[in-house]
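This report refers to the structure that appears directly beneath it.
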Amino acid sequence: MTTETPLELKQTINLPKTDFAQKANLGQTEPARLERWTEINLYQLIRERRAGAEKFVLHDGPPYANADIHLGTALNKILKDLVVKSRTMLGYDAPYVPGYDCHGLPIELHVERKLGAKKAGLPAATFRRICREHAAAALKRQTRDFQRLGILGLWENPYLTMSNQYEAETARLFGCFVERGYVYKGARPVYWCIHDQTALAEAEVEYKEHTSPSVYVKFPLSNDTVDGKAFKREVLGSEDDPRQIFFLIWTTTPWTLPANLGIAVNPNFEYAAIENGAEVYIVADELVGMVADKCGLNRPQVIARFPGSRFDRLEARHAWLERPSLLMLGEHVTLGGEADAETELDVKEAREKSATGKAGTGLVHTAPGHGHDDFVIGKQYGLEIYCPVDNAGRFTSEVEHFAGERVFDANPHIVDFMRERGVLVFSENYAHRYPHCWRCKNPVIFRATPQWFISLDAHTPEAPVEVDEDGRDRTNYTEDEEDAHTSLRELALAEIERVEWLPAWGVDRMRNMLKHRPDWCVSRQRFWGVPIPVFYCASCQFAVTDPTIINHVADIFATDSSDAWYAREAKDLLPAGFACPNCKGTEFTKETDILDVWFDSGSSSVAVLEHYPELRWPADVYLEGGDQYRGWFNSSLMVGLAAHNRAPYNTVITHGWVINVQGAKMSKSEGTGVAPLEVIKQSGAEILRLWVASSNYQEDVRASDEILQRVGDAYRKIRNTARFALGNLAGFDPTRDYVPQSELLEIDAWALAELDAVVERALAAYRAYEFHTVYHTLYNFCTVTLSARYFDIIKDRLYTAAPHAHARRSAQTALYEIADALARLLAPVLVFTADEIWENLPPLVAGNGDVPVGRVPSVHLADFPVVVGERDESLRARWAQVYEVRDEVLRALEAARVSKLIGSGLEARVEIIARDPVYSLLAQYGEELRYIFIVSQVGVMKTENADAPQVRVTVARADGQKCERCWNYSVRVGEFTRYPTVCERCIEALAEIEAEGETA
RNA sequence: CGGGGCAUAGCUCAAUUGGAUCGAGCGGCUGUUUUAUAAACAGCGAGCGCCGGAUCAGCGCGUGAUACAGGUUCGAGUCCUGUUGCCCCGACCA
């Protein structure tokens, strides 16, 4: 018996103690931690630690190095980081090499705007240098922001599509396509300014009001073909009927009529044949009235009706030229009447307004060289991409009657001409929005120009392809038995079936796209990109497309960058002594087109995965937004097939778009956007990361202030849960105090069984890339299992038992396992907080052999917890029932509280009358029940009455006095002279504490 | 217009793949504790009647709900058809 004075009771309570702050202050602590990671070079440490482990390669789709990051970019990068970190902790060696897409039009446009008038006369090389600097600056800012998000990767050496090595590889890969015979030169309509004599990108045209002649023109049915005769018989009853059948078309660009090669109809529309004297016109049934009004036909008699599909491949004659015009089926044909307008915008506007009856006949004049839809359908039907208009917008000599005239000047002449010929049914002026050049403000035209294409359907070198004045070339095609006869499209369609798509509908979307996509036009009439490495013989115009030459050029790019294309003469880019294979000429000019930037980024799998030693081809995972089905997933697939006959990815994951609460698209201009950098500044990157993890990214993801508020609440709950565990581990030395499984108190064993189930669920979810399941599992575990139940119950034991007491060590053992597992499971999501938890776990000091000594310096170097399995499921089931009874008790306590019987639950004595299964369950726990229910006394009685409720709970005031130390009520308070205000339980604890001379 | 997707509580998500009356957490409201304290825990969630001045409790009745409308099925959030709304792609935004 000690003779010292009694202890201060408050000092004998083991209150939580930890450096793990309650308030996260993420805005400040995150950057500090990032700095520490940089100091120890955490990413490299992870690489070293995983060296030799099985590889897992996520290949980063390069964001465009133009603007600053927005919420969508953040979502994309955080998801990738979740994949990389979780695979790492699952034991893989999962390196992450980020990249940037550096070439392309948006940067050019940006630079042009900045330069303004100064751009004129600037050498291409200088212009490219400025573009390069702009991209470099943008990607630097992006890198800083990505790192701030807590994303670990090879930030000091990302891949850049504008690096020498990358540009060289891009050129070589173009050579691969050439070698396989997929590359050809064809024509394709682009916006063309006849004033500046240059191609324009869509972003470079402006739409303004413009008045065009609107004309209705009749194209006669060919009466001398078999099909034509049959059709005539169908309409008029006899092929000898003197009446002539005409297809009535409408257009606002009469100057494109000389290039007419076809007429498109919608296969799903009804068309009518109407009589006008000795002539019969075919127009869309719905538009008969409108057309008749306009064209001044009285009381048109409908003599027959057909679905549009009936006209497929019928032949009409050109309105005045000795040339056929082919009837074709196209879904782009609308009744709005504007589908044959020569601009995309007109078409779109018509669609949006779903305008009816403004103009049109439902039959669309088609000139494949002068319109986008025309081009697509023309290709489909094998029409020539015919464009008899030169750079200056003048008709070429082959155009009868109008050769040499500028197209806009020719318009009225053509109208007059048609009127004289009697092929014009009606004309009027038509005001609409029409594209104009953004620089010179003149109206632009659609004009087919020579372009390089990659064929989706070429099977062999001899496959028929389009030829233009430059001819085509198929050098050095190697007869590779296996795939020589397989087209890119076929290869691609077969390959995507082997790829795993998440979500699964991705394969449908991809298949659909591949089936219908046109040949890939890889030419861009621009400067900021990888030049198409092709030469033209100065004397015979022969196009040199030779993989050997291309590789020679690529070697130059590798050392001098593709700027060399602009800085050097053709002869300095060709091997010494190279002569034209066709005419032996030795003078060459360079191709001026550059490659489509999708070719750049599509090349990344080879250019990056085969370049960085830590990576490998193919990638395990691509993960991008759903817009990339047509973009990067597609171009990467093409390049993969050309290079290695295989898709460059095993799994493709897509995420949805970020939208606001109303489900509308995020828009900065409307103020509905959430700025990621703002969120980071105010709440921390963790909140953004937790938001990503909480959302089901396979659908569109919602973001708003309220949602982020909720996520912030959740963060604090998780943080406090961890803090409670850490605080109660003060003084716990795992190597000394750890209680073996078999000696744990039952509820502690239960908590660990629950933890194990959580670990199992979380790991399965991580493996399946279902991060929101991880989040909900962990969050639910924190709120319900731990905070509301386990922690609340064990508080009494942790605080009031003697520090060394077995019961306390038992709880601490569970807390230790929980905190450790939480840190690991949270690490991919809460990268900063998990590391902070990790640091605040009790130190592992001198070991006794059972527990490993020391801990890796960061949780990101650790593995996920291991699933024990073989859980005692009966334990979990039993406790589930106990908690059901507990809920009943809590309800009863609340009622007692409302009626002012009690305040704190410890002021209560609970009496339970239960029927059997429940009674015997409760009986097992006996004295424990008061701790489980957090009341001072519990009495359990059995009833045999089958009419009684299973459980009946009544509440009374607890007997005895409140113990000053543990606040439980006991009739024995006051019995103990040394500590007269304390209960029998505390007396024992105090005795132990005094004996050991220890406080918490 | 075409291709693809989505729609469950104010918010984030479940629902054993066609199984019974659709759930959890959060938020909200109302309280309790002051030993996780810038915290923790709990209860509550249409309405009507018994009910007569009001409140609480109890008991009883009973309604509704997976965007909307149909269909298949013994049975549908889940499968089919259509409609509406929103998103993505066809326009170089992830």
Side-chain angles (χ1 to χ4, degrees), chain A residues 10 13-16 18 22-23 61 63-64 66-67 69-77 79 101 103-106 201-203 266 331-334 336 339 344 347-348 350-351 354 503 505-506 508-510 512-513 516-517 524 596-598 601 623-632 654-659 661-665 691 694-696 698-700 702 704 706-707 709-711 713-714 716-717 720-721 723-725 727-728 772-773 775-776 779-780 783-784 787-788 791-792 795-796 798-800 887 890-891 893-895 897-899 902-906 934 965-967:
Chain A
K10 184 103 177 172
I13 302 284
N14 315 305
L15 290 183
T18 174
Q22 173 161 17
K23 195 179 175 201
Y64 196 69
N66 191 19
I69 69 166
H70 51 101
L71 207 52
T73 335
L75 168 72
N76 175 265
K77 275 290 197 280
L79 283 172
D101 202 2
H103 293 135
L105 185 64
E202 178 149 1
N266 191 311
E331 307 262 337
H332 65 286
V333 176
T334 65
E344 294 299 300
V347 175
K348 260 177 289 174
R351 285 166 186 169
S354 62
W505 50 256
D508 296 331
R509 187 160 176 187
M510 203 68 185
N512 214 288
M513 233 155 236
H516 297 115
R517 75 161 284 173
R524 291 299 122 101
D596 178 14
V597 285
W598 286 112
S601 55
L623 195 175
E624 305 297 336
D627 57 330
Q628 298 302 327
Y629 282 104
R630 184 164 288 270
W632 193 52
T654 47
H655 59 78
W657 228 242
V658 179
I659 57 179
V661 187
Q662 288 78 41
K665 188 180 166 176
W691 163 71
S694 75
S695 308
N696 179 359
Q698 298 201 351
E699 299 170 5
D700 285 344
R702 266 181 283 249
S704 69
E706 193 209 341
I707 289 169
Q709 175 75 39
R710 288 296 114 75
V711 173
D713 292 343
R716 261 177 278 125
K717 185 70 183 183
N720 260 313
T721 307
R723 181 162 185 267
F724 178 86
N728 284 290
H772 69 280
T773 304
Y775 166 85
H776 281 278
Y779 184 55
N780 226 48
T783 52
V784 181
S787 190
F791 286 0
D792 213 26
K795 244 188 259 185
D796 175 88
L798 287 167
Y799 293 170
T800 65
D887 286 344
L890 293 176
R891 243 187 302 277
L893 287 174
E894 184 64 17
R897 209 167 275 139
V898 166
S899 60
I902 57 165
S904 160
L906 289 174
I934 318 182
R965 184 166 177 274
C966 73
W967 297 352

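Each chain gets a letter, A, B and so on, in the order the sequences are listed, and its residues count up from 1. What you are looking at is a predicted structure, and each value in this text was computed from that prediction instead of being measured.
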The Watson-Crick or G-U wobble partner of B:G75, with both key distances under 3.5 Å, is none
With centres under 5.5 Å and planes under 30° as the test, does A:Y629 stack with B:G4?
no
Donor/acceptor link under 3.5 angstrom from A:R630 side chain onto base of B:C88:
no
Could you tell me which non-hydrogen atom of A:W598 sits nearest to which non-hydrogen atom of A:W632, and how far apart they are?
CZ3-N, 3.2 Å
Base versus backbone protein contacts along nucleotides 33-40 of chain B [heavy-atom cut-off under 4.0 Å; B, S, -]
SSBBSBSS
Taking the side chain of A:Y779 as heavy atoms from C-beta outward, which of B:U12, B:G4, B:G25 is closest to it?
B:G25
Side chain of A:P106: nearest nucleotide among B:G27, B:C92, B:A94?
B:C92
Taking any heavy-atom pair under 4.0 Å as a contact, classify A:L75: base, sugar-phosphate, or nothing.
nothing
Taking a pair to mean Watson-Crick or G-U wobble geometry with both distances below 3.5 Å, B:G10 pairs with B:C26
Base, sugar-phosphate, or nothing for A:H772, non-hydrogen atoms under 4.0 angstrom?
sugar-phosphate
Under 4.0 Å, counting only non-hydrogen atoms across every strand here, what does A:G625 touch: a base, just sugar-phosphate, or nothing?
sugar-phosphate
A:H776 NE2 to B:C26 P, in whole Å, measures 12 Å
Once you apply a heavy-atom cut-off of 4.0 Å, does A:R891 come out as touching a base, just sugar-phosphate, or nothing?
sugar-phosphate
Determine the interatomic distance between C1' on B:U78 and the same-named atom on B:C6; round to the nearest Å.
15 Å
Would you indicate whether the side-chain heavy atoms of A:W967 and A:S904 approach each other to under 4.5 Å?
no
Is B:U17 paired to anything, Watson-Crick or G-U wobble with both distances less than 3.5 Å, and if yes, which nucleotide?
none
What is the nucleic acid contact for A:V784, judged by heavy atoms within less than 4.0 Å: base, sugar-phosphate only, or nothing?
sugar-phosphate
I'd like to know if A:D792 and A:K795 make a salt bridge, using a cut-off of under 4.0 Å between side-chain N and carboxylate O.
yes
Would you classify A:Q709 as touching base, sugar-phosphate or nothing, given that sugar-phosphate means primed atoms plus P, OP1 and OP2, and contacts are heavy atoms under 4.0 Å?
nothing
Short side-chain N/O contact from A:S899 to OP1 or OP2 of B:C56, under 4.0 Å
no
Could you give the distance separating B:U17 and B:C1 at their C1' atoms, to the nearest angstrom?
36 Å
Pair assignment for B:U35, Watson-Crick or G-U wobble, requiring both distances under 3.5 Å:
none
Stepwise salt bridge (charged side-chain N to carboxylate O under 4.0 Å, His left out) test for A:E894 and A:R891:
CA-CA 5 Å; A:E894 184 64 17; A:R891 243 187 302 277; over 6 Å; no
A:I934 and A:D796, any side-chain heavy atoms less than 4.5 Å apart
no
Within the 4.5 Å heavy-atom criterion, are A:L105 and A:R524 side-chain neighbours or not?
no
B:C1 pairs with which nucleotide, Watson-Crick or G-U wobble, both distances below 3.5 Å?
B:G90
Nearest to the side chain of A:D627, heavy atoms from C-beta on, is which of B:A94, B:A24, B:C92?
B:A94
Looking only at B:A14, B:A94, B:U32, the nucleotide nearest the A:R897 side chain is B:U32
Do A:T654 and A:Q628 come within less than 4.5 Å of each other through their side chains, counting heavy atoms only?
no
Could you tell me which non-hydrogen atom of A:P503 sits nearest to which non-hydrogen atom of A:Q698, and how far apart they are?
CB-OE1, 3.5 Å
Out of B:C87, B:G43, B:C13, whichever nucleotide has its closest atom nearest the side chain of A:W657:
B:C87
When we call it a touch if two heavy atoms are under 4.0 Å apart, what does A:H655 touch: a base, just sugar-phosphate, or nothing?
base
Do A:H70 and B:A94 share a donor-acceptor pair, side chain to base, under 3.5 Å?
yes
Once you apply the 3.5 Å cut-off to both distances, tell me the Watson-Crick or G-U wobble partner of B:G58, or none.
B:C50
Given RNA chain B, 5'-ward residue of the pair A:E699 and A:M513, judged by closest heavy atom
A:E699
Identify whether the glycosidic angle of B:G82 places it syn (within 90° of 0) or anti.
anti
Which class fits the ring pair A:Y779 and A:Y775: parallel under 30°, tilted 30 to 60°, perpendicular over 60°?
parallel
Can B:U17 be described as syn, meaning its chi torsion is within 90° of 0, or is it anti?
syn
Roughly how far apart, to the nearest Å, are B:G5 and B:U66 at atom P?
23 Å
Here the distance between atom P of B:C44 and atom CG of A:L890, to the nearest Å, is 10 Å
Please classify the nucleic acid contact of A:G727 as base, sugar-phosphate, or nothing, using heavy-atom distances under 4.0 Å.
nothing
Kindly indicate whether the side chain of A:S694, heavy atoms from C-beta on, has any atom under 4.5 Å from the side chain of A:V711.
yes
I'd like the P distance from B:G18 over to B:C79, given in whole Å.
8 Å
Separation between the C1' atoms of B:A69 and B:A7, rounded to whole Å:
16 Å
Determine the interatomic distance between P on B:G71 and the same-named atom on B:C11; round to the nearest Å.
31 Å
